[in-house]
There are 2 protein chains.
Amino acid sequence: MSDLLERLRARGWRMTSQRRVVAEVLDGDHVHLTADEVHARAVARLPEISRATVYNALGELVSLGEVIEVSTDGRAKRYDPNAHRPHQHLVCSRCGTIRDVHPAGDPLTDLPAEQRFGFTVSAVEVTYRGLCPGCA
Amino acid sequence: MSDLLERLRARGWRMTSQRRVVAEVLDGDHVHLTADEVHARAVARLPEISRATVYNALGELVSLGEVIEVSTDGRAKRYDPNAHRPHQHLVCSRCGTIRDVHPAGDPLTDLPAEQRFGFTVSAVEVTYRGLCPGCA
DNA sequence: TCTTGACTTGGACTCTGTCCATCGTAGGAT
DNA sequence: ATCCTACGATGGACAGAGTCCAAGTCAAGA
Ligand SMILES: [Mn+2]
Ligand SMILES: [Mn+2]
Ligand SMILES: [Zn+2]
Ligand SMILES: [Zn+2]
């Protein structure tokens with residue numbers, strides 16, 4: 001699913017050079033970059049792009065459902081372009097490496113009705129933590 | 001499970017008036033307070049306690065395993081004294097209310113071996129999101 | 001009571017993110 | 001191809017959350 005630019009254009013997203021560069025940086029399925037990392041990579045292609053613009057573009061991509069915000073460490077949020085296939089994250093507690101994982105079954109069904117306290121539950125985020133092969 | 005002060009003293013935690021107040025604020029099982037909320041409540045009992053001291057004490061309680069850090073919203077971390085019974089969280093997307101929940105089974109077993117990529121997986125955090133009865 | 005290492009303090013500092021007035025431009029209209 | 005203008009970009013100020021540090025204070029063992 002690498003036609004991010006196409007989809008954005010088709011949805012009437014006004015295409016500026018800045019937005020194009022941000023989308024290109026995120027294109028591909030296995031990155032989980034912070035806003036400042038996105039900015040750094042964007043600057044390599046378009047030196048004048050500002051931090052505010054990167055934040056704006058990321059916020060819009062999230063609103064459009066093309067990118068997911070992930071916060072696994074209580075520090076900077078990470079931006080995940082793998083928004084079209086539901087998945088969870090496996091995080092190394094030492095080096096911070098993040099892997100996409102696909103648990104068996106729907107994690108939502110693990111929460112029995114009597115544990116929902118009248119809530120309308122619509123989403124679930126799961127973060128598995130441990131040590132990666134390199135850090136173990 | 002309200003003998004937090006006792007356990008801390010038994011473990012040789014040097015007991016200052018500041019630390020006592022922080023522990024007292026957290027004592028009880030159903031709070032999920034931010035550091036600044038803990039500070040505000042602590043100030044009510046000990047007006048001169050500083051923010052830095054609250055952060056220090058909270059960090060130590062976390063290290064001691066007596067309090068859990070929870071970050072459900074990418075903003076301020078919350079401190080949860082319910083550290084002795086594993087549980088997960090159900091969060092209202094509108095008002096931010098947090099409830100402790102106990103899903104069926106061990107969420108760790110949902111992650112098959114072939115999805116662990118050589119990681120030693122030791123913990124899992126699950127956040128269920130939806131609307132609480134008042135916000136629905 | 002004395003001593004001392006551990007704890008507390010407030011303010012400066014860092015990191016992450018938001019806001020805003022002003023300037024620039026993408027893309028429809030002509 | 002050129003013009004218009006509403007929408008987007010910019011950078012710098014600002015805000016929220018948390019960390020760090022040098023100096024002062026105190027809990028608790030001797
Ligand atoms: Mn991902
Ligand atoms: Mn809890
Ligand atoms: Zn690692
Ligand atoms: Zn609510």
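Below, chains carry the letters A, B, ... as their sequence lines are ordered, and counting in each starts from 1.
Separating the CD atom of B:Gln18 from the P atom of C:dG10 is a distance of 10 Å, rounded to the nearest angstrom. The nearest whole Å value for the distance from the CG atom in B:Leu58 to the P atom in D:dT19 is 10 Å. Look at CD on B:Glu48: it is 15 Å from C1' on D:dG24, rounded to the nearest Å. Whole-Å rounding puts the B:Asn56 CG to D:dG18 P distance at 13 Å. Distance A:Ile49 CD1 to D:dG11 P: 10 Å, rounded to the nearest Å. Counting to the nearest Å, the C1' atom of D:dG16 and the NE2 atom of B:His39 are 15 Å from each other.
Among all heavy-atom pairs drawn from A:Leu8 and A:Met15, the shortest one is CB-CE, 4.3 Å. Smallest separation of non-hydrogen atoms from B:Thr97 and A:Phe119: CG2-CZ, 4.4 Å.
For the pair B:Glu24 and B:Arg45, the salt-bridge criterion is met [side-chain N within less than 4.0 Å of a carboxylate O].
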Classify every nucleotide of nucleotides 21-30 of chain C by which part a protein heavy atom approaches to under 4.0 Å, writing B for the base, S for the sugar-phosphate alone and - for neither, in 5'-to-3' order. ----BBS---

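At a cut-off of 3.5 Å, with distance as the only test, no side-chain donor of B:His32 or B:Asn82 sits close to an acceptor on the other residue. Of the N and O atoms on the side chains of A:His89 and A:Asp100, at least one donor lies less than 3.5 Å from an acceptor on the other residue. Side-chain contact check for A:His84 and A:Arg7: at least one donor-acceptor pair (N or O, by modelled atom type) lies under 3.5 Å.
With values rounded to the nearest 0.5 angstrom, A:Ile98 atom CD1 is found 15.5 Å from A:Tyr128 atom OH. If you take NE2 on B:His102 and CG on B:Leu90, they are separated by 12.0 Å, rounding to the nearest 0.5 Å.
Looking at A:Arg51, its side chain comes within 3.5 Å of the base of C:dG17 through a donor and an acceptor atom.
Between C:dG17 and A:Tyr55, a contact under 4.0 Å exists linking OP1 or OP2 to a side-chain N or O.
Comparing C:dC7, C:dT16, D:dA9 by their closest approach to the side chain of A:Thr53 singles out D:dA9.
For residues 60-83 of chain B, proximity to DNA chain C is found at no residue, defined as any non-hydrogen atom under 4.0 angstrom from a strand atom.
Looking at heavy atoms from C-beta onward, B:Tyr79 lies out of side-chain contact with B:Ile68 at the 4.5 angstrom threshold.
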